[in-house]
Amino acid sequence: MNPAISIALLLSVLQVSRGQKVTSLTACLVNQSLRLDCRHENNTNIPIQHEFSLTREKKKHVLSGTLGVPEHTYRSRITLSNQRYIKVLTLANFTTKDEGEYSCELRVSGTNIESSNKSIHVYRDKLVKCGGISLLVQNTSWMLLLLLSLSLLQAMDFISL
């Protein structure tokens with residue numbers, strides 16, 4: 001094989017593999033629903049396959065996704081929001097029977113490259129309520145929030161610049 005082709009193939013594989021890294025997985029309660037926020041890098045235009053799962057009593061249950069087949073028992077309780085850098089899964093009517101280890105797994109479509117995943121143990125009595133500001137923070141840069149806060153404080157005469 002031509003060395004130039006080998007190098008080009010290797011570079012494309014490396015670019016694809018780093019385009020789907022899961023950076024964080026967080027869980028919180030919205031009313032009686034569990035919300036899982038799977039934040040990830042997205043450095044590629046190739047579609048990213050995903051899978052949310054729950055491992056309980058050493059058995060894996062696929063909740064939603066394109067990698068595995070979601071279990072029928074969860075389909076009616078799941079909603080998924082899919083944006084460029086975050087996938088948000090909501091499990092309605094969350095109870096102690098739904099406690100366990102939740103995982104978010106990502107893989108670039110059409111490749112057999114290893115996937116990227118994160119897991120989190122979720123217990124109903126230890127979950128925090130999702131804050132209203134977190135929706136703003138997750139999609140807004142900290143610098144923009146700081147600038148908006150300064151101008152608001154200045155307008156209210158709390159500080160003078």
Side-chain angles (χ1 to χ4, degrees), residues 14-153:
L14 289 174
Q15 191 256 333
V16 166
S17 67
R18 63 175 266 261
Q20 44 77 43
K21 181 181 177 191
V22 177
T23 57
S24 71
L25 178 62
T26 58
C28 60
L29 267 180
V30 178
N31 298 325
Q32 297 301 314
S33 298
L34 172 68
R35 187 179 92 195
L36 294 170
D37 294 352
C38 181
R39 289 178 179 81
H40 58 88
E41 295 175 357
N42 192 352
N43 301 323
T44 180
N45 291 330
I46 299 171
I48 296 175
Q49 294 179 313
H50 69 280
E51 178 180 281
F52 282 93
S53 63
L54 163 63
T55 302
R56 186 178 64 228
E57 298 171 2
K58 298 184 181 181
K59 184 171 188 242
K60 179 180 173 180
H61 305 274
V62 177
L63 304 175
S64 176
T66 55
L67 289 173
V69 178
E71 289 187 17
H72 182 70
T73 55
Y74 292 102
R75 287 185 190 166
S76 63
R77 297 173 52 202
I78 298 289
T79 56
L80 182 72
S81 170
N82 191 1
Q83 298 174 11
R84 183 161 172 84
Y85 298 103
I86 186 170
K87 292 173 183 11
V88 179
L89 178 123
T90 304
L91 175 62
N93 304 317
F94 181 74
T95 67
T96 54
K97 292 179 183 178
D98 300 313
E99 293 179 341
E101 182 179 15
Y102 285 82
S103 297
C104 173
E105 180 179 354
L106 302 179
R107 186 179 306 147
V108 174
S109 296
T111 64
N112 290 328
I113 298 173
E114 68 182 60
S115 59
S116 174
N117 63 16
K118 292 266 185 195
S119 297
I120 185 171
H121 289 278
V122 176
Y123 302 101
R124 182 162 175 78
D125 61 342
K126 296 190 182 203
L127 277 174
V128 296
K129 292 192 183 285
C130 300
I133 192 145
S134 68
L135 293 174
L136 177 64
V137 171
Q138 73 186 16
N139 293 322
T140 308
S141 72
W142 282 102
M143 187 60 78
L144 180 58
L145 284 175
L146 178 63
L147 292 173
L148 290 173
S149 300
L150 288 175
S151 55
L152 179 63
L153 291 172

Can you check side chain to side chain contact (heavy atoms under 4.5 Å, CB included) on Thr55 and Tyr102, steps first, answer last? CA-CA 6 Å; Thr55 302; Tyr102 285 82; over 6 Å; no
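The line from NZ of Lys59 to OG of Ser53 is 12.0 Å long, rounded to the nearest 0.5 Å.
Using a 4.5 Å heavy-atom cutoff, the side chains of Val62 and Val69 are not in contact. Within the 4.5 Å cutoff, the side chain of Glu41 has heavy atoms near those of the Thr23 side chain.
The nearest pair of heavy atoms linking Ser103 to Ser119 is OG-OG, 2.7 Å. The minimum heavy-atom distance between Lys118 and Ser24, with the atom names listed, is CE-N, 4.4 Å. Pairing each heavy atom of Val22 with each of Asn117, the nearest pair is CG2-CA, 4.0 Å.
Checked options Asn93, Leu127, Leu54; the residue passing with Leu34 is Leu127 (criterion: side chain to side chain contact (heavy atoms under 4.5 Å, CB included)). Of the residues Arg77, Arg124, His61, the one that meets the side-chain hydrogen bond (donor to acceptor under 3.5 Å, both in side chains) test with Asp98 is Arg77.
Classified by interplanar angle (parallel below 30°, tilted 30° to 60°, perpendicular above 60°), the ring pair His50/Phe52 is perpendicular.
Side chain of Arg107 to backbone of Leu67: no donor-acceptor contact under 3.5 angstrom is found. Panel note: side chain Arg35, backbone Leu89; no donor-acceptor pair is recorded below 3.5 Å.
Salt bridge annotation for Glu99-Lys97: absent, with no cationic side-chain nitrogen under 4.0 angstrom from a carboxylate oxygen. With respect to the salt-bridge test (charged N to carboxylate O, under 4.0 angstrom), the residues Asp37 and Lys87 do not qualify. Comment: Lys60 engages Glu51 in a salt bridge, judged by a side-chain N to carboxylate O separation of less than 4.0 angstrom.
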